[in-house]
Amino acid sequence: MWKTFTKKRVAYASIAFVVGGVSTYYFYPRDSRRIRRQQTQRLSIIKPQLLLSETYADAYNEAKSETSSDNEFHTLWVPPSRKEMLNILKNSGKEGLQEKGFDLLIIGGGATGTGTALDAATRGLKVALVERDDFSSGTSSRSTKLVHGGVRYLEKAFKELDYGQYKLVKEALHERATFLHIAPYISYQLPILLPIYKWWQVPYFWVGSKAYDFLAGSEAMDSSYFLSSNKAIEAFPWLKKEKLVGAMVYYDGQHNDARMNVALALSAVSHGAVVVNHVEVIRLLKDDDGKVNGARVRDNLNGNEWDIKAKGVVNATGAFTDSIRSMDNPRCDNIVAPSAGVHVVLPNYYSPRKMGMIDPSTSDGRVIFFLPWEGSTIAGTTDSPTELTYSPMPKEEEIQWILKEIRTYLSPDIEVRRSDVRAAWSGIRPLVRDPGAKNTSELVRSHMINVSPSNLITIAGGKWTTYRNMAEETVDTAIKVLGLKPLNECRTEKIKLIGSHGYSPTMFIKLIQQFKLDTEVAQHLANSYGDRGWAVAALARPTGMSWPAFGRRLNPIYPYIEAEVLYAVRREFACTLVDVIARRTRLAFLDVHATLESLPHIIEIMSKELGWSSEQEKREYTRAVEFLCTMGLPPQKTKGKS
């Protein structure tokens, strides 16, 4: 039996390799319409039965049932390599080839940048995107993981009669629904409990929750509801019982932010965009009239420099927006007020698996969320002014403040210990500056689009939930300012992201049956990769056990497997050790100690795949340990490691 099964897997892997090679070779035709036509034609030639995999055939058939013809190629589509895309970028700036330049060059590979690249590419524009580090390496991977309208913004809107706050919540609730539609495997609704300890607050929070539901209209999630004190304790047994009156439960969205960011980047590539990480803009280029028409860039992996030509440049660099604006005009005023938000990760026994909690009135007036995420518990966030840095570190006083606030809501029987913190991180939020505001916590998370006299288009502010709307407005602005000729209007409200087309909530069962994976691993692959989980599972090595037969874990506590490292390098543009531990898997965000233990094994896998020398292996290890120190790893833990 095992001999037969092994042959099937070998045959499948061989054919998948050939399909990938052919897809990559033919990927870049001259215009976006031809790209989509050729990809669809290539897929129509491939018969699912030839892949010797029921799972791939099922995914293919589900993908074909989608109403949009653009969806057909997604299940088997393989992205071009980073090297191939670098070659296209380099050709755009060569003498005599300017006519082959891009319509838009986007700087920044976070949520807004990759969202803008996807929007522009699906309109038929020629798009390039460069990111100095990795996709989601900044604020986009360090969020609270919520897809939400903002209940506290709604409260401010009514208290202060602020229409701007109201409009922000309304827009975000619409985008929340779109978010969950286009990426169903990586985003989902989550009930959030709001404990009430004073009787007069019951009608107050009830009205607020119902108003939140009402604003969402037909796009609302499950309806909010009230729980008696006994039912609240039953739903959230960790709650402090003393003086508990009851609780309101409302619904918002949650997602895996870095995985969502990678999906956006891959989706943009699948629609014709040229997207490259670890490429930094070092200077903006201008024509004889002083208009921005490209950038001088450097590959941070090898130091090579070249020019990229484009009709226009979009600055989507988040907290570092003003550094690009100063390249355009050294005397420009800053428009971003950076604010640090710290989160801590605790073991899963601190919260229910499928319900979060919000503390709307902490000791200093800030709000804290207490949320289940990826099998652990996230608590945060703080909100305080900060200095800009590429490697923000959580302050110990901020960590202690979060733990102190948690203790006030949890039962006295539960000892909240500092040693229970498995990871902690600080993210820098790019808040739009209001010159009249003294406290950054009062700043609205709205966005603004600025066009400089030289036509540098800057998109700043906003939040994860509204990335798609921000991208749409940015591309609209670029079309108007630069006189671009798109093939169609914005379509990103309907276009599903990579991984969504063949996904279903029961997909993990087929993964178990087909590849004999552990249940937790199969669920993780389905919820992190969607229908691409089939390809990841196909790379899994035998465990040497009767069950699970395939899927060697990187760490025995967490469901990440060796195959994900290979897939990250081959199909998701992972170039460094930190790319893998932080943004392809989320191990570094869940447990810095487990990550440190796993580094040698991950390096071994990547080194074989990328041909690293022993010196490069040491450099990657050192950089990864430095990164883990910014994620809460105590410095003494790194002593003696090599």
CG of L590 to OG1 of T595: how many Å apart, nearest 0.5 Å? 7.5 Å
Within the side chain of [X], is there an N or O that forms a donor-acceptor pair under 3.5 Å with the backbone of [Y]?
X    : Y    : result
D119 : G115 : no
R586 : S141 : yes
N315 : T321 : yes
T139 : I428 : yes
N334 : V336 : no
S143 : S140 : no
T466 : G462 : no
E520 : P559 : no
T585 : V580 : yes
R259 : R584 : yes

I'd like to know whether D299 forms a salt bridge (Lys or Arg N to Asp or Glu O under 4.0 Å) with K90, so could you lay out the CA-CA distance, the side-chain angles of the two residues, the decisive distance to 0.1 Å, and finally the verdict. CA-CA 11 Å; D299 187 338; K90 291 174 182 178; 5.8 Å; no
Might you point out which heavy atoms bring [X] and [Y] nearest each other, and give the distance in Å?
X    : Y    : result
V127 : A121 : CG2-N, 3.7 Å
A423 : V592 : CB-CG1, 4.1 Å
P79  : R571 : CG-O, 3.4 Å

Go through the steps to decide whether S426 and E398 satisfy the test side chain to side chain donor-acceptor pair (under 3.5 Å), and finish with yes or no. CA-CA 10 Å; S426 176; E398 298 278 26; over 6 Å; no
Determine, step by step, whether R429 and T381 satisfy the side chain to side chain donor-acceptor pair (under 3.5 Å) criterion, reporting the C-alpha distance in whole Å, the side-chain angles of both residues, the deciding distance to 0.1 Å, and the verdict. CA-CA 11 Å; R429 298 188 185 95; T381 177; 3.2 Å; yes
Pair [X] + [Y], salt bridge at N-O below 4.0 Å:
X    : Y    : result
E396 : R418 : yes
R325 : D322 : yes
E397 : K404 : no

What is the ring orientation for F320 with Y390, classed by angle as parallel under 30°, tilted 30 to 60°, or perpendicular over 60°?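 Judged by the thresholds at 30° and 60°, the geometry between F320 and Y390 is parallel.
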With side chains defined as the heavy atoms from C-beta onward, is the minimum distance between I88 and F102 less than 4.5 Å?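 When only atoms from C-beta onward are counted, F102 and I88 do touch, with a gap below 4.5 Å.
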Is there a donor-acceptor contact under 3.5 Å linking the side chains of E564 and Y529? yes
Does the pair Y188 and N527 meet the rule for a side chain to side chain donor-acceptor pair (under 3.5 Å), with working shown? CA-CA 10 Å; Y188 43 88; N527 295 334; over 6 Å; no
